Amino acid sequence: MLSIATWNVNSIRVRLEQVLTWMRSHAPDVLALQELKSTDETFPIGAFSALGYQVAVSGQATYNGVAILSLKPLSDVVHGIPGYEDAQKRVLTVTLDDMRIICVYVPNGASVDSDKYQYKLQWFEHFLKYAEKTKKEYPKTVILGDYNIAPEDRDVHDPVLWQGQVLVSEKERACFKALLALGFQDTFRVLNPEENNYTWWDYRMNAFKRNMGLRLDHILATHAVMVRAKQCDVDKTPRTWERPSDHVPLVLQLDD
DNA sequence: ATGCCGCCCGTAGGGCGA
């Protein structure tokens, strides 16, 4: 078994002990992290190497920042989307054996009438080209992280309330569908066709207790990976801890 | 609803996230 997980931690400095606790009990082979809000210099590499993990990190002060932790050796580390200049650190790619792994933190978009929404859509066009190119070079590709898109109405606690809003809008969903059309599969949805589950709950309004959530974090995989996929599960437990991230881990299990 | 909560920077309160 190989387990591959993703978790938007909303500040690695604040969440370090929770991440370490979770890693000790789950022992993921690979953990992709988003929203580090940490520079490369302040990222706690030593804490993860002490658990036996190799670390690749693309940090940024205050906002964004992504990392990949792996028990197996990582190689061919690529920062960002090649050919697309972006000061925001949102993409990190590594190779593990013959598998390419892309950790992604898709822009939030703020609101559909904002410049940030336009940036999100434009950014995604570049990301689509990168995903397509990567899949051609690596038949076994996994893209995991915080997509900031709820793909369908069943991924939204109140689709009527959310209709047309950022994270749910048709243009954003078209971006996600374009990724699927390239040959990537939404592992959670394929393996749990009937399950309603979310990966993010707002800090406000007691949203977690009321299960007012969205499914924003995803692990996408090409067919050559999907044939090994056994389970993909949301772990809601860390959201019950003191001072949690607003996102929870998502874990994909692959047969050997 | 210019709201709610949490984090960052920096030491007040605005920017940002989702």
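Source: prediction; values computed, not measured. Below, read A as the first sequence line, B as the second, and so on, with proteins coming before strands; counting in each chain starts at 1.
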- Item | Within 45° cone and under 6.0 Å: A/R90 NZ/CZ vs A/Y105 ring |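 Relative to the ring axis of A/Y105, which defines the angle, A/R90 lies inside both limits.
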For [X], answer base if it contacts any base atom (sugar-phosphate contacts may also be present), sugar-phosphate if it contacts only those atoms, and nothing otherwise; contact means non-hydrogen atoms under 4.0 Å.
X      : answer
A/N64  : nothing
A/Q165 : nothing
A/Y198 : nothing

Please indicate whether [X] has more than 12 foreign heavy atoms, meaning atoms of other residues, nucleotides or ligands, lying under 6.0 Å from its [atom1].
X      : atom1 : result
A/Q118 : CD    : yes
A/E85  : CD    : no
A/K120 : NZ    : yes
A/D255 : CG    : yes

For the [atom1] atoms, the ones on [N] and on [M], what distance do you get once it is rounded to whole angstrom?
N      : M      : atom1 : result
B/dC16 : B/dA1  : P     : 23 Å
B/dC8  : B/dA18 : P     : 14 Å
B/dC5  : B/dG10 : P     : 25 Å
B/dC4  : B/dG13 : P     : 15 Å
B/dA12 : B/dG17 : P     : 25 Å
B/dG3  : B/dG14 : C1'   : 16 Å

Please list every donor-acceptor pair under 3.5 Å in which a side-chain atom of residues 69-81 of chain A meets a protein atom from a residue at least two apart or in another chain.
from: A/S70; atom 1: OG; to: A/K72; atom 2: N; distance (Å): 3.2
from: A/S70; atom 1: OG; to: A/K72; atom 2: O; distance (Å): 2.7
from: A/K72; atom 1: NZ; to: A/D97; atom 2: OD2; distance (Å): 2.8
from: A/H79; atom 1: ND1; to: A/S58; atom 2: OG; distance (Å): 3.4

- Please confirm whether any donor atom in the side chain of A/N148 sits under 3.5 Å from an acceptor in the base of B/dA18, or the reverse.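 There is none.
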- salt bridge (Lys or Arg N to Asp or Glu O under 4.0 Å) evaluation trace for A/K129 with A/E125: CA-CA 7 Å; A/K129 286 177 192 155; A/E125 289 301 313; 5.9 Å; no
- Item | Base-contact (B) and sugar-phosphate-only (S) positions in nucleotides 4-12 of chain B, heavy-atom cut-off under 4.0 Å, - elsewhere | BBSSSS---
Please state how far atom [atom1] in [X] lies from atom [atom2] in [N], giving the value in whole angstrom units.
X      : N      : atom1 : atom2 : value
A/E172 : B/dG17 : CD    : C1'   : 14 Å
A/W200 : B/dG17 : CH2   : P     : 13 Å
A/Y119 : B/dC16 : OH    : P     : 13 Å
A/H247 : B/dC16 : NE2   : C1'   : 13 Å
A/L161 : B/dA1  : CG    : P     : 12 Å
A/D146 : B/dC16 : CG    : P     : 18 Å

- Message: Assess, by modelled atom type and distance only, whether the side chains of A/S49 and A/Q54 contain a donor and an acceptor separated by less than 3.5 Å.
- Response: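 Result is no, nothing qualifies.
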- Query: So how far is it from A/W162 CH2 to A/S169 OG, rounded to the nearest 0.5 Å?
  - Reply: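 If we round to the nearest 0.5 Å, A/W162:CH2 and A/S169:OG are 11.0 Å apart.
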- Between A/K177 and A/D186, is there a side-chain N and carboxylate O pair less than 4.0 Å apart?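 The answer is no: the pair does not qualify as a salt bridge.
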- Message: Below 4.0 angstrom, which residues in residues 207-218 of chain A have at least one non-hydrogen atom near DNA chain B?
- Response: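 The stretch gives A/L216 as the residues lying under 4.0 Å from the strand, ordered by number.
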